[in-house]
Structure formats: structure tokens, C-alpha cells
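Start at 1 with the first residue, then count along the sequence.
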Amino acid sequence: MKFLFVHQNFPGQFLHIVRHLCQARHHEVVFITEPNANEIRGVRKVPYMKPPMSSPETHTAARELDGGVRRAEAVWRVAMNLDSLGFRPDIIIGHHGWGEMLNLVDVWPDAPLLGYFEFYYATARADVGFDPEFPSHPTDFPRIRAKNAINHIALNLGQHGQAPTRWQISTYPDWAQKQINLLWEGVNLDICQPDPAARKAPLKVGNMTIGPNDKLVTYVSRDLEPYRGFHLMMRTLPHLMQARKDLKVVMVGSDGVSYGVMPPGGGTWREMMMKEVGDRIDLSRVVFPGRVQYDLYLSLLKRSDAHVYLTYPFVASWSLREAMAIGCAIIGSATQPVQEFVTDGRTGLLASFFDPPGLADRILEVLENKALNARLRANARKYAEKNLAMQDYIDKYRALIERLAGMPIDPKPRAKPARTKRTR
């Protein structure tokens, strides 16, 4: 088959399916993307240049749409070149978030298009207005509503969608949900698996060494920001450190923002929270290593005694899935994206997003109750094996592609005709 993938940051959410298709060595896999250094053997990367930013005269509420249609035009030009060279995809798969795929139906009207629908923005009942510490002003509501313009154009292409969780699909209007297929993202259960030996050797992270007798609390986010509960986690640290002298904390993430905004007074969220609680934290027992290499990230999760995952009602991180597969004892925020994965008392513990002492108590409960800790770990792993296995994800992805494309991905080889014996 001929596959066309589209994502501004190759390979994006399509790493595993693209790698799987390339391993077969008989598919043509083309990927339109902005230039980057990432490579997958067998993929033909076709770059497009990011268009210029919207002009200052463009209304704030319309800038995301303006950027989206500019990207759509840039990708359309690349697609027209591919078409002129004779490339005809059997299916087009990509992410609708940046508008890149909006014009591809004009290039290949007969090719089914499967778009990744990640989130439908609203001024209530999700991330906006969730945290009273950082209220949204009504003057920003028009911009938030307008963020769905690309969503709406994509939904009206008459094509197909996918999303990785039920909750993400539920953010969309009822009329749109029927177009979006639920396709749970998988985890490599061989790489992300428990390692009992991880607690027997010291682990060095930055300037801190975690010894076999230390209790390690881990927290992971792409960026240390309120959307992922960083401010809540920081406020738990004084409680945790006062309760246990053998406790050490590793908080992975950079000082930027992925989803929210920088602090209103300037600086970073880490600097802001250190001003608030830094004098009550033993900094010899806390390390902020920034973003880390994947091997160290896995080592931290495998060594973790209690792993904290917090989020606004927004898109759940891949790290939550990987933590479950590794069999972490998870303490999560009682928010819808987490609750779709974590059942309180079974596959983890849940705590209020707005109660640092309560979160600290739940973390300490996991650290001090060995039977509970072991049960949560085992159940998290069982959940991952049942719901997050990579092969199941690939199999369902293949079935969806075959249904939309109307052809098998790997046709069965023709049987060789039986040899007949010659008679003399």
C-alpha cells in the first residue's frame, strides 16, 4: 500500500504504526513534515517550510486559524508536487491540530483521510476555568472558542477521525463524536516493564544519588507548569520531607510551557514556586534534572516507590501509560483524563487536584503500606497488559486502515499452482 502521513513534528503520534509498516519492507511510506533530524528507516520524508507568522493586524482570536490555513496551503503545494510525480496514496493519516491536512482532499479526493482529533476547546467543563488560582478572563473566551475553527473545518471534510481516549472524544459535540474512532495508544510492554532489581543498586540523577534504602517519589512532565499540577506537587514537598527523612524526590521536566502560559510576573513556574516553598524544602533531597534521556526516564520509573501524575482536565500524557506498564505505584489527580486509566484503590490512588496536604497523605500511604504498594503495582501492570499492549494497538490500527482503505494492508501471497504429474 501507499501511505501518506502528515505531522509538523515527524513522527508525532504515528511513530509506532509507521515503524510497523516500514518493517514489512513492501509499503511506500511518505511523511510530510517540517524539517527535523528524526529518521525512521524506510520513510520518505518530504519537508515543508513553516509559513510566516500571522501579521500583527490579524485579530488575536483568528491567529490560530490564520496559521492553520497557511500551513494547509504549504502542505497542499508539497502534495501537488507529489501528485505530479505520480504518487497516489491509498490512505492519508495525520494530525488535525495544525491545519496541515485541510486541503489534501482537493489533491486526492478519492483517498480516505484519517485525522487525529486531540481536543475540543471550551470555556467551561475542561481545562479553562478549572484552576481557580489562575482564572480565565471572559475577554479571552472568543479566542478559546475560535481555537475550534480548524476542528470544525476538519470535521466537515466528510472524512474520518481517531482519538486515543473516550474522554477526549467526549469533549467534542455530540454530532461530531460519531466521526471519531476510539484507538487506544499502546505501550511497548517489553521495554516498559517492572524491574525488581532496580531497587538494589544506587541511581544517580544530577547531583543526587538514590540509594537502595531511600524512598523515591517521581514526577514527570514535559514542562513544569500548572496544567500538569506542578504547583500542587511543589506544595506537597514540605509535608513529605517533614514526614520522612529517607524520602527523595525527582521532578522531571523543563522550565518552559507546553499548554499554558508563563507566570504573569515573568520568570519560570519553578522559580515562582521556589519563592513560595523553597525555604521549607531540603534541596539536598530534591532534584530538577530537566528533560532526561529515555533510558534514565525508564530507570527512574522502575526505581520509583511512588509516582505522581497530575493534570488539568486535558490530554493525558504518554508517561501515564508507560508508568502503568512499568508497574508504578501511581498517585494521580482525581480528574477525568486520569480516572479513565486509574481506578482509586485498584490501579492507583487518586487525590484532589487542589489539596496538597491530601496529596501528600496519599503519597505517604503508598510509601508506608507495603501491601497496598504491591497491589497497586501489580494491578497497574495487569491493566496495561489488558488495555495498552502495543500489538493490540497495531492490530486495531491495521483493522481501521483496512476498513477505510477498502483493501488489505498485506495481501495474502497467491498460492502456487499445484504441479501436475506428467503421464508417459
No-hydrogen, no-angle side-chain donor-acceptor test under 3.5 Å, Trp184 and Asn387:
no
With a 3.5 Å cut-off and no angle check, do the side chains of Asn81 and Arg77 form a donor-acceptor pair?
no
Ion pair present between Arg88 and Asp83, side-chain N to carboxylate O less than 4.0 angstrom?
yes
Tell me which pairs pass ring-ring contact (aromatic ring centres under 6.0 Å, His included) where either residue lies in residues 124-155, with sequence neighbours left out.
Tyr120-His152, Phe130-Tyr312, Phe130-Phe353, Phe130-Phe354, Phe134-His231, Phe134-Trp269, His152-Trp175
Judged by atom type as modelled, is there a donor-acceptor pair below 3.5 Å linking the side chain of Thr335 to the main-chain atoms of Pro313?
no
Any side-chain donor-acceptor pair under 3.5 Å between Arg403 and Asn181?
yes
Look at atom CD of Gln293 and say whether more than 12 heavy atoms of other residues, nucleotides or ligands are closer to it than 6.0 Å.
no
Less than 3.5 Å apart, any donor N or O on the side chain of Ser317 or Tyr309 sitting next to an acceptor on the other?
yes
Would you mind checking if Lys382 and Glu385 are paired as a salt bridge, meaning a charged N to carboxylate O distance below 4.0 Å?
no
Inter-residue atom distance Lys204.NZ - Leu296.CG, 0.5 Å rounding
11.5 Å
Under 6.0 Å from the NE2 atom of His59, do we count more than 12 heavy atoms belonging to anything else shown?
no
Contacts of Asn9 meeting side chain to side chain donor-acceptor pair (under 3.5 Å) (sequence neighbours excluded), chain-then-number -> Asn36
Evaluate the criterion salt bridge (Lys or Arg N to Asp or Glu O under 4.0 Å) for residue pair Asp305 and Arg199; output intermediate values, then yes/no.
CA-CA 9 Å; Asp305 294 293; Arg199 288 175 178 76; 3.3 Å; yes
Ring-plane angle category for Tyr397 and Tyr393, please: parallel below 30°, perpendicular beyond 60°, tilted otherwise.
perpendicular
Taking atom types as modelled, find out whether Glu118 and His95 have a side-chain donor-acceptor pair closer than 3.5 angstrom.
yes
Do Arg71 and Tyr48 have side-chain atoms, one donor and one acceptor, less than 3.5 Å apart?
yes
In terms of the angle between their ring planes, are Phe14 and Phe31 parallel, tilted or perpendicular, with boundaries placed at 30° and 60°?
tilted
Presence of salt bridge, Asp344 and Arg362, under 4.0 angstrom:
yes
May I ask you to decide whether Arg235 forms a salt bridge with Glu133, counting only side-chain N to carboxylate O separations under 4.0 Å?
yes
Return yes when atom CG of Asn207 has more than 12 non-hydrogen atoms of other residues, nucleotides or ligands closer than 6.0 Å, and no otherwise.
no
Check this for me: does any side-chain nitrogen of one of Asp140 and Arg143 sit under 4.0 Å from a carboxylate oxygen of the other?
yes
Could I get the full list of side chain to side chain donor-acceptor pair (under 3.5 Å) partners for His20, not counting sequence neighbours?
Arg398
